Asker: 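Pasting in a structure now, in structure tokens, and then I'll have a few things to ask.
Chain identifiers are assigned alphabetically (A, B, ...) following the order of the sequence lines, protein sequences preceding nucleic acid strands; residue numbering begins at 1 within each chain. Keep in mind that what you see is a predicted model, and the values were worked out from it rather than measured. Below, each value reflects all heavy atoms present in this structure, side chains not excepted, and no hydrogens, waters or symmetry copies.
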Protein chains: 2
Amino acid sequence: MAADVTGRPGRRPGPTETRERILACARRLFAEKGYDGASLRGIAREAGVDPALVHHFFGGKQGVFVAAMRFPIDPAAVLEQVAHMPRERLGEALARVFLEVWDDPARRAPALALLRSAMTNEQAATMMRQFVSSALLGPITERYRIPPLRVQAAVGQMIGMAVLRYVLEVEPIASAPPQELAAMLAPVLQHHLDSS
Amino acid sequence: MAADVTGRPGRRPGPTETRERILACARRLFAEKGYDGASLRGIAREAGVDPALVHHFFGGKQGVFVAAMRFPIDPAAVLEQVAHMPRERLGEALARVFLEVWDDPARRAPALALLRSAMTNEQAATMMRQFVSSALLGPITERYRIPPLRVQAAVGQMIGMAVLRYVLEVEPIASAPPQELAAMLAPVLQHHLDSS
DNA sequence: AGCAGAATTCATCATGTGTTGAATTTATGT
DNA sequence: ACATAAATTCAACACATGATGAATTCTGCT
């Protein structure tokens, strides 16, 4: 992953993919250590680049974070799969989408980064609150007329599973096959969303 | 909360409660910012004390953390309330204990600190894994012969609720009355623990 | 009274952090 | 060919962190 062995300044020949490389490393480090734990310099080191370059491209650490976050989270596109579903299969659909996103490493990285960061960083927490509220709560709550508390209980079940499986990596849930988890998840989500 | 306005060194007259004061501040700060976010110096500042004192008492930052963690988590005593319950009321009992602990600020602090810290700090993660495994999974799994995966799904539901309610403080779940949450929680926990 | 030990502060070190401004090299548009 | 803009590194700053060793003041035991 390291690039310039040449220690001298100035632009490199050929087309430049450095920006993407930095973003990829940033996603990995933010996902591994959270916002506060990852450092600009660490990201630069991983990308084989001077820290000042990272700062120059994104205007600061926070800039790198937001740039790294808006990747494949498809805030609306994901919910599209859920939105036009008969209400009695909502649980099933949610469980499937949840596991689909979290089991794809590329889409898991930003999600993990946000989850980890939101626990200790106020700005990341605000981002996550907004995501929960406007990408999950909002649509479901108004399309299906389900009380917010119920929806949040369902969201909580998913978050907790993400914590155990992807953050703490506790066994056996960390290695369980996705279908098995979906089978456990679906009825519970459905139950939460059902009760009047 | 500040103590010595006298800036001069040496032992203070009278009996000393400084150690406890430091621990209290440590619990608060670890709960607010997590292990990596809280600093030795910040704790010392809050306690109105020199950073070196904290180091002297607990032998380092990690020492402060473990000392702050082993407070009122009663690893076994809490589960006592659950352990001798008929299996069909396990969900109810778990939900009650969960909300009881998390709604008492004194007992919530260490729990919150561990939850927040475990997301980015490997040692805290290990602590939390051990707590989940040996204080929740172990007892329930072998006393009631419930598959670990099921128990973890139930634990996940509780963790997720803690995240939404106490870390992110999303409304309306952050302000919902405990009984309402217990009423939503109990049947779901029971369901997880029921299915063969 | 005296003395070991505990409590407490001070000054300091090495390290890591985000940020900034200037310098240098290449690419691109005219 | 030339000029502007972009990419890239370097050097440095101001600051915070955890840790350490020495110095000072008090308590408690004998």
Side-chain angles (χ1 to χ4, degrees), chain A residues 1-23 25-26 29-30 32-68 117 120-124, chain B residues 1-23 25-26 29-30 32-68 117 120-124:
Chain A
M1 274 268 179
D4 57 330
V5 272
T6 155
R8 77 189 219 274
R11 189 169 186 166
R12 301 284 167 273
T16 168
E17 82 300 344
T18 316
R19 197 192 166 95
E20 299 310 316
R21 185 153 32 95
I22 293 178
L23 271 185
C25 295
L29 288 188
F30 281 136
E32 278 176 18
K33 317 198 189 187
Y35 182 83
D36 306 289
S39 70
L40 252 191
R41 299 170 113 98
I43 293 171
R45 207 178 309 128
E46 286 280 304
V49 132
D50 190 277
L53 224 206
V54 183
H55 194 279
H56 168 65
F57 271 143
F58 305 97
K61 184 178 183 180
Q62 180 170 331
V64 185
F65 188 70
V66 314
S117 306
T120 48
N121 186 270
E122 190 45 45
Q123 301 176 358
Chain B
M1 272 272 181
D4 56 330
V5 272
T6 156
R8 77 190 219 276
R11 189 171 185 160
R12 304 279 167 276
T16 170
E17 81 299 345
T18 315
R19 195 193 167 94
E20 299 310 315
R21 186 153 30 94
I22 293 178
L23 271 186
C25 296
L29 287 188
F30 281 136
E32 278 177 16
K33 317 197 190 189
Y35 181 83
D36 306 289
S39 70
L40 253 191
R41 299 170 112 99
I43 294 171
R45 207 178 309 129
E46 286 281 304
V49 129
D50 190 277
L53 223 205
V54 183
H55 194 278
H56 169 65
F57 271 143
F58 305 97
K61 185 178 183 180
Q62 179 170 331
V64 185
F65 187 69
V66 313
S117 305
T120 48
N121 187 272
E122 190 46 45
Q123 301 177 357

Asker: Which nucleotide, D/dT8, D/dC10, C/dA7, lies nearest any side-chain atom of B/L53?
Answerer: C/dA7
Asker: Could you check how far NE2 of A/H56 sits from C1' of C/dG21, rounded to whole Å?
Answerer: 13 Å
Asker: Which distance, rounded to the nearest 0.5 Å, do you find between the CD1 of B/I22 and the CD of B/E17?
Answerer: 10.0 Å
Asker: B/F57 CZ to D/dT20 P: how many Å, rounded?
Answerer: 17 Å
Asker: What's the CZ-C1' distance between B/R21 and C/dT8, to the nearest Å?
Answerer: 12 Å
Asker: Can you tell me how far apart CZ (A/R41) and OG (A/S39) are? Round to the nearest 0.5 Å.
Answerer: 8.0 Å
Asker: Over all heavy atoms of both residues, which pair between A/I43 and A/C25 is shortest? Give the atoms and the distance, please.
Answerer: O-CB, 4.3 Å
Asker: Between D/dT25 atom P and B/D50 atom CG, what is the distance in whole Å?
Answerer: 16 Å
Asker: Report yes or no: does A/R21 contribute a side-chain atom to a donor-acceptor pair with the main-chain N or O of A/A47 at less than 3.5 Å?
Answerer: yes
Asker: Whole-Å distance between D/dA7 C1' and A/R19 CZ?
Answerer: 12 Å
Asker: Enumerate donor-acceptor pairs with a distance under 3.5 Å from any side-chain N or O in residues 53-61 of chain A to protein atoms, sequence neighbours excluded.
Answerer:
unit_1 : atom_1 : unit_2 : atom_2 : d
A/K61  : NZ     : A/Y35  : O      : 2.9
A/K61  : NZ     : A/A38  : O      : 2.8

Asker: Using a cutoff of under 3.5 Å, can you pull out all pairs of nitrogen or oxygen atoms linking the protein to nucleotides 16-19 of chain D, with atom names and distances?
Answerer:
unit_1 : atom_1 : unit_2 : atom_2 : d
D/dT17 : OP1    : B/S39  : OG     : 3.0
D/dG18 : OP1    : B/L40  : N      : 3.4
D/dG18 : OP1    : B/K61  : NZ     : 3.0
D/dG18 : OP2    : B/L40  : N      : 2.8
D/dG18 : N7     : B/R41  : NH1    : 2.3
D/dG18 : O6     : B/R41  : NH1    : 3.0
D/dA19 : OP2    : B/K61  : N      : 3.1

Asker: Atom CD1 of A/I43 and atom C1' of C/dT17: how far apart are they, to the nearest Å?
Answerer: 13 Å
Asker: Please determine if a side-chain N or O atom of A/T18 lies less than 4.0 Å away from the OP1 or OP2 oxygen of D/dT8.
Answerer: yes
Asker: Could you state the CZ-C1' distance from A/F58 to C/dG18, rounded to the nearest angstrom?
Answerer: 16 Å
Asker: I'd like to know whether B/D36 forms a side-chain contact (heavy atoms from CB on, under 4.5 Å) with A/D36, so could you lay out the CA-CA distance, the side-chain angles of the two residues, the decisive distance to 0.1 Å, and finally the verdict.
Answerer: CA-CA 8 Å; B/D36 306 289; A/D36 306 289; over 6 Å; no
